[in-house]
Amino acid sequence: MKSICVFCGSSYGALEAYADIARETGRAIAEQGYTLVYGGAKVGLMGTVADAALAAGGKVIGVLPRSLQDKEIGHEGLSELHLVDSMHERKAMMADLSDAFIALPGGVGTLEEIFEVWTWGQLGYHKKPCGFLNAEGYYDHLIAFLDHQTEQGFTKQVMRDMAQIASSPLDMIRQFENYTPPSAPKWINRDET
Ligand code: AMP
């Protein structure tokens, strides 16, 4: 594992603790010797995580669609900032550049991004780990719903277990380092119940 991608809010959220966890995450990624890949913005928790990784001497790669350059404001201090033509290109490039994916607290954009890489893993397109950093219990309701989905037979337990859950960035990184992907992608077993 060389690079860790962080998806997180383009806002700060209601609690100061969310910014604290974003700072801790950026710092931990840099201090553990990993490159941070993220959406390239200066705003919200996205800016916070990047600033913290840079301050800790880390390498930070941003990927920002040109159309969002005004709205999300490209970070000028990054090791690399890739400007791309669409959101699809952004997500594909972030996925290619990264070996693992963390969702910090965020909005619908954050969820869309982490669910996309998780479902790609589920389909066997890649074997990279992904997880939710459940700071301040932010993802408690989502985790309960994911368990409900599994109990109701829409998600297999092995797929549910692909998504790591941690309450600190260091725990998440350790889980990634010890991660073993499921041996068979979903569609190989699609007829099994
Ligand atoms: P949010 O979590 O909604 O604050 O957004 C976090 C990041 O996700 C931002 O960089 C947004 O540009 C991005 N984003 C927002 N909506 C979408 C979407 N529908 N698909 C993919 N990314 C999105």
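Heavy-atom basis, side chains included; hydrogens, waters and symmetry copies ignored. Atoms within a ligand are numbered from 1 in the order they appear, just like the ligands themselves.
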Ligand 1 N/O to protein N/O, distances under 3.5 Å:
residue, atom, partner, partner atom, Å
ligand 1, 2 (O), Gly107, N, 2.8
ligand 1, 2 (O), Thr110, N, 3.0
ligand 1, 2 (O), Thr110, OG1, 2.6
ligand 1, 3 (O), Gly109, N, 3.0
ligand 1, 4 (O), Ser10, N, 2.8
ligand 1, 4 (O), Ser10, OG, 2.7
ligand 1, 8 (O), Glu113, OE1, 3.3
ligand 1, 8 (O), Glu113, OE2, 3.3
ligand 1, 10 (O), Glu72, OE1, 3.0
ligand 1, 10 (O), Glu72, OE2, 2.9
ligand 1, 10 (O), Arg90, NH1, 3.1
ligand 1, 10 (O), Arg90, NH2, 3.3
ligand 1, 12 (O), Glu72, OE2, 2.4
ligand 1, 12 (O), Arg90, NH1, 3.1
ligand 1, 20 (N), Glu112, OE1, 3.0

Of all pairs that satisfy ring pair (Phe, Tyr, Trp, His ring centres under 6.0 Å), the ones with a partner from residues 10-58, not counting sequence neighbours: Tyr18-Tyr138
Ion pair Arg174/Glu177, N-O distance below 4.0 Å: yes
Residue pair Glu112, Arg90: steps toward the salt bridge (charged side-chain N to carboxylate O under 4.0 Å, His left out) verdict: CA-CA 13 Å; Glu112 198 271 349; Arg90 176 200 230 179; over 6 Å; no
Ring geometry between Phe101 and Phe7 (parallel below 30°, tilted from 30 to 60°, perpendicular above 60°): parallel
Ala103 to Thr110 - nearest heavy-atom pair and separation: CB-CG2, 4.2 Å
Plane angle bin for His148 and Phe145 - parallel if under 30°, tilted between 30 and 60°, otherwise perpendicular: tilted
